[in-house]
Chemist: 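One structure coming up, written as structure tokens, with questions to follow.
Computed from a prediction, not measured in an experiment: that's the story for all the values here.
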Amino acid sequence: MFEGLGHLFAAFETFANFTTLFNVCWATLVGITIGALPGLTATMGVALLTTLTYKMAPEQAILVLISCYVGAIYGGSRSAILLNIPGTPANAATTLDGFPLAKAGRAGEAMGLATTSSMIGTFIGVLFLAIIAPALAEIALDFQSYEYFWLAIFGIVIAGQMCSFDDALKGWIAGFLGLFVAMIGQEGIHAEERFVFGWSELSGGIALIPALVGTFGVAEILTVMRNRAAEMATSVVDHVVPRWKDLWDYRRTVVRSGLIGTAVGIIPGVGEDIGAWISYAAARRASKEKELFGKGSKEGLCAAETGNNAAIPGAIIPALTLAVPGSAPAAVLLAAMLIHGMRPGPMIMIESPDFVFQVVWMVVLATLAMGIFGILLTRPLLKILKVPRERLMPVVFVLCVIGPYAITLRLFDIYVTLFFGILGFVLREMKYPMAPLVLGVILGDILDKSLRRALVLADGDMTPFFTRPISAVLWITTALVILGAIPAVQRGVARLFGWNKA
């Protein structure tokens with residue numbers, strides 16, 4: 001415990017300087033702006049900034065990306081409240097009560113509550129980041145190739161299930177498509193080429209950043225340009241600072257949503273949007289004002305914004321300790337850590353324990369900056385929402401193309417970006433979720449190497465995959481998730497417990 005406190009204070013000393021404060025301020029402000037503009041997601045923002053931080057010191061680069069991440073998830077609440085369009089998918093639940101409040105002339109109050117709830121949610125997640133990450137890293141030392149294989153499968157299955165409630169099969173198809181993409185190029189053990197079809201550029205595989213920027217950047221641009229422009233609420237600002245009474249009345253909702261958001265964030269590949277929806281549903285179930293939800297409930301707004309922001313530190317926990325991201329933006333963050341020479345995974349508490357606590361302070365500083373900007377710059381930020389998208393999207397497209405090219409200076413990466421942009425757009429139109437696809441690209445290498453190493457260790461015997469304790473828990477949980485998504489099984493369970501009578 002005392003050793004952990006020592007690392008925590010040492011990490012604070014690392015960031016107690018003007019450069020850190022400057023980077024936190026501008027990166028958080030950029031994140032809020034990106035999140036506030038419909039069509040520019042947190043994942044896109046972090047991916048674009050990754051290409052701009054390539055030559056920065058590693059700690060400052062990760063600080064910039066985390067600040068953008070925190071700011072973007074919060075910034076999406078601006079357009080959700082004023083336009084009824086979530087700036088990021090994580091703010092979809094915010095529209096249900098935020099926009100009705102804005103139409104009623106209480107947009108300032110709604111934005112103030114969203115700001116405060118976001119801060120509280122992130123701080124709850126940070127607390128668990130500081131406590132759980134070191135402990136989880138120690139547990140992860142017991143993970144071997146067998147466990148990592150099932151962890152990759154579990155991540156794809158649970159992400160597909162929770163990101164596509166209506167049809168889990170679509171989520172699983174997207175996830176395993178991502179796994180296939182990760183198989184392209186030279187395999188990681190013997191460097192044998194696979195699925196390159198004589199194309200030398202493919203021998204190095206599909207780079208993560210071009211795939212991410214294409215899937216979440218170019219695809220977003222195409223989707224936004226296809227949809228009609230939205231109208232802003234007419235009365236947008238009253239008082240921005242929330243009343244203490246509102247916060248006190250909804251204290252249980254905020255704490256509950258913070259815990260739910262953090263827990264959901266830890267699940268590989270699920271993300272902030274699911275954290276917001278589950279927190280919102282839990283708040284509605286426990287509320288004494290159920291009839292107000294969806295019509296301008298301040299409690300519902302608090303629950304949604306607390307849940308999505310609490311998922312940010314939650315998503316960083318598995319990225320740091322297992323090298324498995326909890327969300328799409330965390331996936332880009334994980335890639336950036338690898339680019340800057342960090343080694344997330346079970347050995348992180350042995351090789352660089354200070355870095356874990358540095359990440360804690362990064363999130364804390366970004367959250368404080370988010371709160372300050374959220375309260376003080378509400379009125380100026382509203383003007384950004386009025387930028388015509390016909391002028392904005394070409395600029396974003398240029399950044400999407402330049403960013404991946406700047407890292408490797410390969411024209412091929414631009415083609416990859418455009419291909420995944422078109423693919424992502426087509427899949428979105430067919431209602432396929434993108435988060436499982438991206439998670440599949442990231443986990444594909446882990447799954448491939450783990451399977452083959454485990455078979456070598458066991459001399460081809462598959463038994464350890466099913467009999468080792470942690471492996472057994474993972475494959476049984478995965479099987480239960482798959483069975484639970486089958487309609488016939490759902491109906492059978494409902495009849496068994498009498499749920500269909502409710």
Side-chain angles (χ1 to χ4, degrees), residues 73-74 76-77 80-81 84 86 89-102 104 106 109-129 131-132 158 161-163 165-166 242-267 270-315 317 326-327 367 481 484 490 493-494 497-502:
I73 296 297
Y74 160 74
S77 65
I81 292 171
N84 200 29
N91 306 103
T94 305
T95 62
L96 297 181
D97 293 297
F99 189 64
L101 285 170
R106 300 163 63 190
E109 181 182 3
M111 290 190 286
L113 279 174
T115 301
T116 309
S117 300
S118 298
M119 290 184 65
I120 296 173
T122 312
F123 281 133
I124 292 174
V126 165
L127 178 63
F128 283 93
L129 173 61
I131 296 173
I132 293 178
I158 195 69
Q161 167 72 13
M162 300 193 72
C163 293
F165 285 113
D166 296 333
R243 296 185 179 92
W244 171 252
K245 181 180 182 300
D246 290 334
L247 298 175
W248 182 253
D249 287 345
Y250 303 132
R251 62 190 183 280
R252 291 186 179 87
T253 298
V254 170
V255 172
R256 184 197 312 114
S257 301
L259 296 176
I260 291 173
T262 304
V264 170
I266 294 174
I267 301 173
V270 175
E272 297 79 15
D273 50 341
I274 305 299
W277 281 114
I278 295 179
S279 298
Y280 185 85
R284 187 178 186 278
R285 191 177 302 115
S287 176
K288 298 178 181 179
E289 305 171 339
K290 293 182 177 65
E291 68 281 358
L292 295 180
F293 277 67
K295 301 177 183 178
S297 169
K298 292 186 287 185
E299 184 177 7
L301 176 63
C302 290
E305 280 301 302
T306 304
N308 62 23
N309 282 270
I312 297 173
I317 292 173
S327 67
T367 305
V481 171
Q490 293 175 349
V493 172
F497 291 97
W499 293 340
N500 55 333
K501 298 178 182 179

Chemist: If the condition is side-chain hydrogen bond (donor to acceptor under 3.5 Å, both in side chains), which residues does T94 pass it with, not counting sequence neighbours?
Modeler: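 Here the qualifying residues are E305.
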
Chemist: How long is the span from the CH2 atom in W277 to the CG atom in N308, to the nearest 0.5 Å?
Modeler: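 These two atoms lie 11.5 Å from each other.
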
Chemist: Within this structure, what is the CD1-OG1 distance for the pair I120 and T115, rounded to the nearest 0.5 Å?
Modeler: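 Going from CD1 on I120 over to OG1 on T115, the span is 11.0 Å.
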
Chemist: Going from CG on L301 to OG on S77, what distance comes out if it is rounded to the nearest 0.5 angstrom?
Modeler: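 Reported value, rounded in 0.5 Å steps: 8.0 Å.
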
Chemist: Nearest 0.5 Å, what's the NZ-CD distance between K298 and E289?
Modeler: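 Going from the NZ atom of K298 to the CD atom of E289 covers 8.5 Å.
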
Chemist: Suppose we screen for side-chain hydrogen bond (donor to acceptor under 3.5 Å, both in side chains). Which residues come up paired with S297, at least two apart in sequence or across chains?
Modeler: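 S297: no side-chain hydrogen bond (donor to acceptor under 3.5 Å, both in side chains) contacts found.
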
Chemist: Which heavy atom in T306 sits nearest to a heavy atom in G258, and how many Å separate them?
Modeler: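 It is CG2-N, 3.5 Å.
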
Chemist: For residues 252-263, pull every pair meeting side-chain hydrogen bond (donor to acceptor under 3.5 Å, both in side chains), keeping only residues two or more places apart or in separate chains.
Modeler: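 Every side-chain hydrogen bond (donor to acceptor under 3.5 Å, both in side chains) pair that includes a residue of residues 252-263, provided the two are not neighbours, is T253-E299.
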
Chemist: How long is the straight-line distance from CD1 of I317 back to CD1 of I312, given to the nearest 0.5 Å?
Modeler: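 These two atoms lie 12.5 Å from each other.
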
Chemist: Is there a donor-acceptor contact under 3.5 Å from the side chain of D97 to the main chain of G294?
Modeler: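 Yes; judged by distance alone, with no hydrogens or angles, the pair exists.
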
Chemist: For F123 and L127, what are the C-alpha separation, side-chain angles and deciding distance, and is it a side-chain contact (heavy atoms from CB on, under 4.5 Å)?
Modeler: CA-CA 6 Å; F123 281 133; L127 178 63; over 6 Å; no

Chemist: Do you know which two heavy atoms are closest between A276 and A304, and how far apart they sit?
Modeler: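 For A276 and A304, the tightest heavy-atom pair comes out as CB-O, 3.6 Å.
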
Chemist: Check I73 against A90 and note the closest heavy-atom contact, atom names and distance.
Modeler: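 Where I73 meets A90 most closely, the heavy atoms are CD1-CB, 4.0 Å.
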
Chemist: So which atom in V254 and which in C302 form the shortest heavy-atom distance, rounded to 0.1 Å?
Modeler: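 Of all heavy-atom pairs spanning V254 and C302, the closest is CG2-CB, 4.3 Å.
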
Chemist: According to ring pair (Phe, Tyr, Trp, His ring centres under 6.0 Å), does anything in residues 283-311 pair up with another residue at least two apart or in another chain? List the pairs.
Modeler: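 Non-adjacent pairs meeting ring pair (Phe, Tyr, Trp, His ring centres under 6.0 Å): Y280-F293.
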
Chemist: If you take all heavy atoms of G307 and S279, which pair is closest and at what distance?
Modeler: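 Heavy-atom minimum between the residues: CA-OG, 3.4 Å.
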
Chemist: Among residues at least two apart in sequence or on other chains, which ones pass side-chain hydrogen bond (donor to acceptor under 3.5 Å, both in side chains) with T95?
Modeler: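 By the side-chain hydrogen bond (donor to acceptor under 3.5 Å, both in side chains) rule, T95 matches no residue at all.
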
Chemist: Does K290, at its NZ atom, have more than 12 non-hydrogen atoms belonging to other residues, nucleotides or ligands within less than 6.0 Å?
Modeler: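 Above 12, so yes.
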
Chemist: Side chains of L101 and E109, heavy atoms from C-beta outward: is any pair under 4.5 Å?
Modeler: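 Sidechains of E109 and L101: no contact.
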
Chemist: Compare every heavy atom of N91 with every heavy atom of Y74, then report the nearest pair and how far apart it is.
Modeler: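 Residues Y74 and N91, closest heavy atoms: O-ND2, 4.5 Å.
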
Chemist: What pairs with A263 under side chain to side chain contact (heavy atoms under 4.5 Å, CB included), at least two apart in sequence or on another chain?
Modeler: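 A263: no side chain to side chain contact (heavy atoms under 4.5 Å, CB included) contacts found.
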
